[in-house]
Amino acid sequence: MSNSPRISVCIPAYDMSGNGAAYLQPALESLASQQFDDFEVIVSDQSDTSDIEDMCAAYQYRLPLKHVTYREGPRQGSANCNN
């Protein structure tokens, strides 16, 4: 039997002129309130600020969450989704 979660929820994120964390927070709150718990959350972050990372840190105790910084590739939505 595998210890891997059944579902991976992948969220591409960026700072959105300072609004990225505010948009991410309701998504993380919704995931944290789910009764189904066999999932992981992966946030791929292209932000130049720490706002997204800080929001992820605030939810570490409530979600199986992994924050991935992705600044090496092109700064575009499709590249961040592919990451």
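By convention here, the first residue in the shown sequence is residue 1.
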Quick one: list whatever passes side-chain hydrogen bond (donor to acceptor under 3.5 Å, both in side chains) with Q60, sequence neighbours left out. none
Salt bridge (Lys or Arg N to Asp or Glu O under 4.0 Å): pairs with one or both residues in residues 18-27, sequence neighbours excluded: none
Output all residues satisfying side-chain contact (heavy atoms from CB on, under 4.5 Å) with F36, sequence neighbours left out; order by chain, then residue number. R6, I7, D38, F39
Could you check whether any side-chain heavy atom of D45 comes within less than 4.5 Å of a side-chain heavy atom of H67, counting everything from C-beta outward? yes
Can you tell me how far apart CD (Q46) and CD1 (I52) are? Round to the nearest 0.5 Å. 11.0 Å
Would you kindly confirm whether V9 and Y14 end up in one hydrophobic cluster when ILVMFWY residues are joined by side chain heavy atoms under 4.5 Å apart? no
Could you state whether I42 and L63 fall into the same hydrophobic cluster, counting links through intermediate Ile, Leu, Val, Met, Phe, Trp or Tyr residues with side-chain heavy atoms under 4.5 angstrom apart? no
So V43 and V68, do their side chains get closer than 4.5 Å, heavy atoms only? no
Could you work out, with side-chain contact (heavy atoms from CB on, under 4.5 Å) as the rule, every residue matching D54, not counting sequence neighbours? S50
Please tabulate, for side-chain N and O atoms in residues 21-35, each donor-acceptor pair with protein atoms closer than 3.5 Å (sequence neighbours left out).
unit_1 : atom_1 : unit_2 : atom_2 : d
Q25    : NE2    : Y59    : OH     : 2.9
E29    : OE1    : Y59    : OH     : 2.6
E29    : OE1    : R62    : NH1    : 3.0
E29    : OE2    : R62    : NH1    : 3.4
E29    : OE2    : R62    : NH2    : 3.1
S33    : OG     : S30    : O      : 2.9
Q34    : NE2    : S30    : O      : 2.9

Separation of S4 OG from E40 CD (nearest 0.5 Å): 7.5 Å
Tell me which pairs pass salt bridge (Lys or Arg N to Asp or Glu O under 4.0 Å) where either residue lies in residues 7-26, with sequence neighbours left out. none
